> 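Structure incoming, see below.
FYI, side chains are in, hydrogens and waters are out, and symmetry mates aren't considered; it's all heavy atoms of this structure. By convention in this document, chain letters (A, B, ...) are assigned in the order of the sequence lines, proteins followed by strands, and residues within each chain are numbered from 1. Note that this is a predicted model, so its numbers are computed, not measured.
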Amino acid sequence: MRYWLMKSEPDAFSWGGLVAKGAAGEEWDGVRNYQARNMMREMGMGDRVFFYHSQSDKAVVGIAEVIATAHPDSTTDDPRWECVDVRAVAPLKQPVTLEMCKADPRLSEMALLKQARLSVQPVRPEEWAVICDMGGV
DNA sequence: GCCAACGTTGGC
DNA sequence: GCCAACGTTGGC
C-alpha cells in the first residue's frame, strides 16, 4: 500500500463533501496536469490519501482511500485525462497545517513544500506517520 | 489582491 | 527543439 496527498480548494470540493458521499466515494476529476495524472495512474486499490485543503485552510484535514484505479475522467472527452475514485476513511482529530509541516524538519523533503503547485503527490511512509501523529490518528 | 513558481502553448 | 508569452495555482 502506498501513500499520497491530494489537494482541493474547499470552495470547490471539500473534505465534508467527500464524507457526504459515504462509501460510494467520488471521482477525483478535473486534474489537467500530466505529473498529477501520472501519480494517479500509479495508485492501487486501498492506497491511503491525505485530503489537503488549499487556500483558506492550508491543512491536511482527513484520510481517504482509493476505491477505483485510474479510469477516464468523465468530465472531459479528452482521452489524456484520467482519475481515480476515493472515499473518506477518517478525519484528522487535529488538522495538520502547512505551517506545522514547514516547522518540522522531518517533513522538509515533502512534495507539499518543495512543489507547492502539484495537486497529487506521493507521501513517504515516514512522512505519513509523522502527520498522522500530529493529526491525532 | 498580488506575486512567485511553474506548466503549457505557439511561433520561429 | 528552443524560448517567449501566457495562464493557472497557491501562499501570503
Side-chain angles (χ1 to χ4, degrees):
Chain A
M1 181 171 69
R2 301 181 63 183
Y3 300 104
W4 309 92
L5 180 146
M6 294 169 113
K7 294 185 186 180
S8 185
E9 301 176 15
D11 289 345
F13 186 67
S14 70
W15 168 252
L18 186 63
V19 169
K21 295 283 177 180
E26 177 77 335
E27 245 188 32
W28 200 271
D29 53 38
V31 171
R32 301 289 183 267
N33 170 284
Y34 293 108
Q35 246 190 302
R37 181 207 60 191
N38 292 344
M39 294 298 160
M40 290 199 287
R41 284 182 172 171
E42 289 185 33
M43 291 183 185
M45 294 289 288
D47 279 6
R48 295 284 154 145
V49 180
F50 281 139
F51 195 113
Y52 178 86
H53 277 169
S54 63
Q55 297 187 344
S56 51
D57 279 5
K58 283 167 290 183
V60 177
V61 293
I63 293 171
E65 74 172 333
V66 176
I67 56 170
T69 52
H71 57 82
D73 183 332
S74 69
T75 62
T76 178
D77 291 332
D78 191 330
R80 290 178 298 172
W81 305 121
E82 299 174 13
C83 61
V84 298
D85 295 358
V86 297
R87 75 174 170 212
V89 173
L92 266 60
K93 290 196 182 101
Q94 164 81 36
V96 175
T97 64
L98 182 64
E99 195 180 6
M100 290 161 71
C101 293
K102 282 184 176 172
D104 193 315
R106 294 172 297 176
L107 301 177
S108 62
E109 294 302 310
M110 275 191 82
L112 183 66
L113 307 182
K114 306 193 92 175
Q115 263 185 288
R117 291 182 47 192
L118 187 58
S119 63
V120 180
Q121 39 182 270
V123 175
R124 296 187 183 88
E126 55 272 27
E127 294 164 346
W128 183 271
V130 169
I131 291 175
C132 283
D133 193 41
M134 292 195 292
V137 294

> Do A:Ser54 side-chain atoms and A:Lys7 backbone N/O form a donor-acceptor pair below 3.5 Å?
no
> Out of curiosity, does A:Val19 fall in the hydrophobic cluster containing A:Leu92 (side-chain heavy atoms, cut-off under 4.5 Å, transitive links)?
no
> Once you round to the nearest 0.5 Å, how far does OG of A:Ser56 lie from CG of A:Asp11?
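The distance works out to 6.0 Å.
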> Please state whether the rings of A:Phe51 and A:Trp28 are parallel, tilted or perpendicular, taking 30° and 60° as the class boundaries.
perpendicular
> Whole Å only: how far is the CZ atom of A:Arg80 from the P atom of B:dG7?
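Whole-Å distance recorded here is 16 Å.
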> Using whole Å, what does the distance between atom C1' of nucleotide C:dG11 and atom NZ of A:Lys58 come to?
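After rounding, the gap between these two atoms is 6 Å.
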> Supply the atom-to-atom distance A:Asp104 CG to A:Met134 CE, rounded to the nearest 0.5 angstrom.
5.0 Å
> Could you check which residues of residues 115-123 of chain A get a heavy atom under 4.0 Å from DNA chain B? Sort them by number, please.
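Only A:Arg117 qualify.
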> Rounding to a whole Å, what distance do you find between A:Leu5:CG and C:dG10:P?
11 Å
> Taking 4.0 Å as the cut-off, does a side-chain nitrogen or oxygen of A:Lys114 come that near to OP1 or OP2 on B:dC6?
no
> Whole angstrom is fine here: how far is it from CD in A:Glu9 over to P in C:dT9?
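Going from A:Glu9 (CD) to C:dT9 (P), I get 7 Å.
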> Please report the end-to-end axis angle for the helix from B:dG1-C:dC12 to B:dC12-C:dG1, five pairs per end, rounded to 10 degrees.
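If I round to tens, the end axes sit 10° apart.
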> Once you round it to whole Å, what is the distance between C1' of B:dA5 and CG of A:Leu112?
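Computing the A:Leu112:CG to B:dA5:C1' distance gives 15 Å.
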> Checking the side chain of A:Asp57 only, and the main-chain atoms of A:Ala59 only, is there a donor and an acceptor separated by less than 3.5 Å?
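Answer holds: no.
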> Taking atom CE of A:Met40 and atom CE of A:Met6, what is their separation to the nearest 0.5 Å?
5.5 Å
> Can you list every pair that meets side-chain hydrogen bond (donor to acceptor under 3.5 Å, both in side chains) and has a residue in residues 40-51 of chain A, with sequence neighbours left out?
A:Arg2-A:Glu42, A:Trp4-A:Asp47, A:Arg41-A:Glu82
> Take atom CD of A:Gln35 and atom C1' of B:dA5, then tell me their distance rounded to the nearest Å.
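About 13 Å, once rounded to whole Å.
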> Starting at OH of A:Tyr34 and ending at P of C:dT9, how long is that distance when rounded to a whole Å?
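It works out to 15 Å between those atoms.
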> Are A:Met39 and A:Phe50 connected in the hydrophobic side-chain network, where two residues link if heavy atoms are under 4.5 Å apart?
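They do not share one cluster, since no chain of ILVMFWY contacts under 4.5 Å joins A:Met39 to A:Phe50.
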> A:Met6 CE to C:dG10 C1': how many Å, rounded?
18 Å
